Amino acid sequence: MDLSALIERMHELSQSDIQVSGSYKVTALENDTVEVTYRYGNIIRIGLFTLKGMSSEVPVALPSDSYTNMLNNSLVQVKDGIIQLDYDPIVIQGKTNE
């Protein structure tokens with residue numbers, strides 16, 4: 001996905017109820033990774049962004065399952081509350097397990 005398509009898709013996502021009316025939290029994680037979490041009722045949207053292109057395992061508040069990356073429609077696997085983050089950003093959504 002090229003940068004302009006990514007920016008356009010992120011703009012589209014920013015217009016949804018969860019990002020307009022929900023609460024959000026930005027967290028700095030290990031390996032120069034940033035997590036942005038939106039919550040709206042029992043729905044959670046999690047964005048993971050590596051700032052230096054380093055892969056890492058990132059804990060997330062979602063149950064084990066396959067999720068669709070809302071940026072590029074690729075499948076993202078959550079296993080035991082962990083996502084493998086590589087270079088590309090990930091935005092997934094589901095019902096919180098908290």
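As a basis for the values below, the full set of heavy atoms in this structure was taken, side chains included, without hydrogen atoms, waters or symmetry mates. The shown structure was predicted, so the numbers you read here are calculated from the model rather than taken from an experiment. Residue numbers run from 1 in the order of the sequence given.
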Side-chain heavy atoms of Thr37 within contact of Ile44, under 4.5 Å: yes

Val78 side chain near Asp65 side chain, heavy-atom distance below 4.5 Å: no

Closest non-hydrogen atom pair between Ser21 and Tyr40, with its separation: CB-CE1, 3.5 Å

Closest non-hydrogen atom pair between Ser64 and Gly81, with its separation: OG-N, 4.2 Å

Which atom of Glu35 lies closest to which atom of Pro59, heavy atoms considered: OE2-O, 3.8 Å

Atom pair CD1/CG of Ile7 and Leu71 - distance to nearest 0.5 Å: 11.5 Å

Separation between CD of Glu57 and NZ of Lys79, rounded to the nearest 0.5 Å: 10.5 Å

Whether Asn69 side chain and Val91 backbone form a donor-acceptor pair below 3.5 Å: yes

Shortest non-hydrogen contact between Leu62 and Tyr67, atoms and distance: CB-OH, 3.6 Å

Polar side chain donor-acceptor pair, Gln77 to Ser66, under 3.5 angstrom: yes

Nearest heavy atoms of Ser74 and Asn72, plus distance in Å: OG-OD1, 2.7 Å

pair Ile92-Ile83: side-chain heavy atoms closer than 4.5 Å: yes

Heavy-atom side-chain proximity of Val36 to Phe49 below 4.5 angstrom: yes

Inter-residue atom distance Leu13.CG - Tyr38.OH, 0.5 Å rounding: 10.0 Å

Within-4.5 Å side-chain heavy-atom neighbours: Ile46 and Gln93: no

Verify same cluster id: Val26, Leu51 (apolar side-chain graph, 4.5 Å): yes

Same apolar cluster (I L V M F W Y, side chains within < 4.5 Å links), Ile90/Met54: no

Heavy-atom donor-acceptor pair, Arg45 side chain to Gln19 backbone, under 3.5 Å: no

Pairwise distance CG(Asp88) to CG(Leu6) - rounded to 0.5 angstrom: 9.0 Å

Glu30 atom CD, over 12 foreign heavy atoms within 6.0 Å: no

Donor + acceptor pair across side chains of Asn31, Thr33 (<3.5 Å): no

Side-chain touch Thr27/Val34, heavy atoms, less than 4.5 angstrom: no

Reported OG-to-CZ distance for the pair Ser4 and Arg9, which is rounded to 0.5 angstrom: 14.5 Å

Distance-minimising heavy-atom pair for Ile18 and Arg39: CG1-C, 4.1 Å

Asp86 and Ser56, any side-chain heavy atoms less than 4.5 Å apart: no

